[in-house]
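In what follows, chains are A, B, ... by sequence order, proteins preceding strands, each numbered from 1. Given the structure is predicted, the values throughout are model-derived calculations rather than measurements.
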There are 2 protein chains.
Amino acid sequence: MTSRRADIIRESLEQMIVTGALANGERLDETALSERFGCSRTPLREAFQALAASGLIELLPHRGAFVRHPSLTQMVEMFEVMAELEAFCGRLAARRVTNADLAALQETVVACEEAVRANDHDCYYHENERFHHLLYSASGNSFLADQASRLHARLKPFRRLQLRVRGRLEQSLAEHRVILDALEKGHAEEVATALRDHVAVQGGKFNDLMASYNASPLSAQRA
Amino acid sequence: MTSRRADIIRESLEQMIVTGALANGERLDETALSERFGCSRTPLREAFQALAASGLIELLPHRGAFVRHPSLTQMVEMFEVMAELEAFCGRLAARRVTNADLAALQETVVACEEAVRANDHDCYYHENERFHHLLYSASGNSFLADQASRLHARLKPFRRLQLRVRGRLEQSLAEHRVILDALEKGHAEEVATALRDHVAVQGGKFNDLMASYNASPLSAQRA
DNA sequence: GTCAACCATATTGTATACAATTATTGCGTT
DNA sequence: AACGCAATAATTGTATACAATATGGTTGAC
């Protein structure tokens with residue numbers, strides 16, 4: 001149980017930033033926020049440090065904290081790295097995956113199938129998360145798994161937007177099947193390629209992403 | 001100019017941790033350190049936050065800050081990821097590199113040659129850094145470049161140990177030449193493979209690394 | 001003698017007060 | 001009228017004081 005006020009505030013601010021409740025370039029006023037959260041400036045400043053470390057805000061010395069939403073370019077760059085990290089996870093997992101891992105992955109695929117049938121986007125989203133996180137740890141490299149998880153978390157709001165495109169759920173599920181199949185056969189390069197294509201923003205997906213980005217509050221110009 | 005006491009303290013502690021002046025598992029006493037640095041606990045705590053974010057210490061709620069040196073396993077894991085990140089930088093750079101980048105890279109190779117002739121390890125180390133950072137930005141993906149730089153910085157103390165192995169300088173230089181050559185020709189996969197092998201800890205390099213790790217103060221058991 | 005519960009102590013987390021730096025506004029000069 | 005400088009106000013950075021939590025030792029019971 002986290003009894004630290006600072007941690008709660010960090011999560012709260014994180015949410016406000018990724019949902020777009022806090023606009024890009026906006027300055028976070030310590031005194032104003034401390035009144036809003038009903039606490040002093042101290043825990044707020046600690047939360048700022050953590051947010052700055054994960055890149056959600058920029059901390060300029062003696063000037064304050066500023067919200068920094070990724071630009072479209074930065075977003076594409078992040079997806080480019082994410083694709084490669086996942087591909088690497090897959091390549092390692094093809095050699096190191098355990099039967100328990102495979103069984104758990106299979107479970108998520110089944111759950112995803114049901115979600116698609118029920119057209120339950122939230123459920124699919126949840127199971128999709130499980131699939132990818134299982135894959136990260138199946139890499140057998142806990143540092144890699146951690147890095148992948150961090151970036152995955154940072155891309156969370158954009159992935160949600162993507163999954164809402166028509167037909168994307170079915171396509172995503174089919175790709176999961178291909179990945180799992182190659183993984184079971186131990187075909188490292190096939191797994192890597194399938195994952196890279198699954199995650200990468202390319203072709204039509206780029207247009208979808210761009211459209212949803214421009215429509216979202218995150219795209220607001222900097223102050 | 002950084003007039004923040006917290007930043008200075010962070011750098012100072014960072015140095016003490018990576019050099020092994022602070023042993024693994026050691027608890028960082030806020031009051032003791034604040035007296036030592038001649039300041040209050042506030043900037044120290046801010047420094048702790050930053051160090052925890054980069055993984056050098058662990059911050060347990062209501063219990064304090066503990067130094068966390070990577071285990072041999074974690075180190076190998078980090079090198080595994082570093083190799084892949086650099087390989088990806090190279091693959092992208094093969095398509096996106098500019099003539100100015102190539103010229104700058106060529107310069108570092110020349111400087112490295114001179115350093116090897118003079119047997120100047122410090123100079124070689126410095127030019128080696130330049131080579132790799134140039135490569136990161138040549139990837140044309142600034143997010144990737146940033147991530148690569150971060151991990152590169154974290155592996156710094158271990159790389160220093162590695163370069164001290166006899167004959168490693170010449171071997172490293174030769175590899176730089178191969179990488180640059182493939183880069184000029186635009187052979188993406190050659191660049192990637194050469195970089196992966198250049199960075200990866202495998203074969204004899206693993207033994208060298210393990211030996212230097214065991215000999216270093218970083219390998220001390222946790223308290 | 002051992003284990004558990006409780007109290008004392010020490011240490012972290014938070015609030016507030018103060019210092020230092022930056023931004024702003026107004027005035028004076030060109 | 002526009003630019004530059006200076007004083008003032010606002011905001012961040014730091015110090016200190018206080019509150020909350022965890023640890024360790026002691027005491028009591030079984």
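- The nearest heavy atom of DNA chain C to H62(A) and to C39(A) marks one nucleotide each, and the one closer to the 5' end goes with C39(A).
- Below the 3.5 angstrom threshold, one finds a donor paired with an acceptor across the side chain of R41(A) and the base of dG13(D).
- Contact annotation: S40(B) side-chain N/O to dA15(D) OP1/OP2 distance is under 4.0 Å.
- Under the 6.0 Å cut-off for aromatic ring centres, Y124(A) and H121(A) do not qualify, their centroids lying 6.0 Å or more apart.
- What separates CD of E35(A) from C1' of dA15(C) is a distance of 14 Å, to the nearest Å.
- By the 4.0 Å N-to-carboxylate-O rule, E86(B) lies too far from R196(B) to be salt-bridged with it.
- Using a cutoff of 4.0 Å between basic side-chain nitrogens and carboxylate oxygens, E129(A) and R159(A) are scored as salt-bridged.
- Look at CZ on R45(A): it is 17 Å from P on dA17(C), rounded to the nearest Å.
- Nucleotide dG13(C) holds its P atom 14 Å from the CD atom of Q49(A), rounded to whole Å.
- Rounding to whole angstrom units, CD of residue E46(B) and C1' of dA15(D) are separated by 13 Å.
- By the neighbour-count criterion of 12 heavy atoms within 6.0 Å, atom CZ of R96(B) is densely surrounded, having more than that number from other residues, nucleotides or ligands.
- Note on R4(B): a side-chain N or O is less than 4.0 Å away from OP1 or OP2 of dG13(D).
- OP1 or OP2 of dT11(C) has not a single side-chain nitrogen or oxygen of R63(B) nearer than 4.0 Å.
- By the 4.5 Å heavy-atom criterion applied to side chains, E14(B) and L51(B) are counted as neighbours.
- Two residues, T42(A) and P61(A), neighbour DNA chain C, and the one matched to the more 5' nucleotide by heavy-atom proximity is T42(A).
- One interatomic measurement links the two molecules: CG of L44(A) to C1' of dA15(C), which rounds to 12 Å at whole-angstrom precision.
- Atom CG in L28(A) sits roughly 13 Å away from atom P in dG13(D) (whole-Å rounding).
- Contact between the side-chain N/O atoms of R27(B) and the OP1/OP2 oxygens of dA10(C) is not found at any separation under 4.0 Å.
- dT12(D) atom C1' lies 13 Å from atom CD1 of I57(A), rounded to whole Å.
- As rounded to whole Å, 12 Å separates atom P of dT14(C) from atom CD of E30(B).
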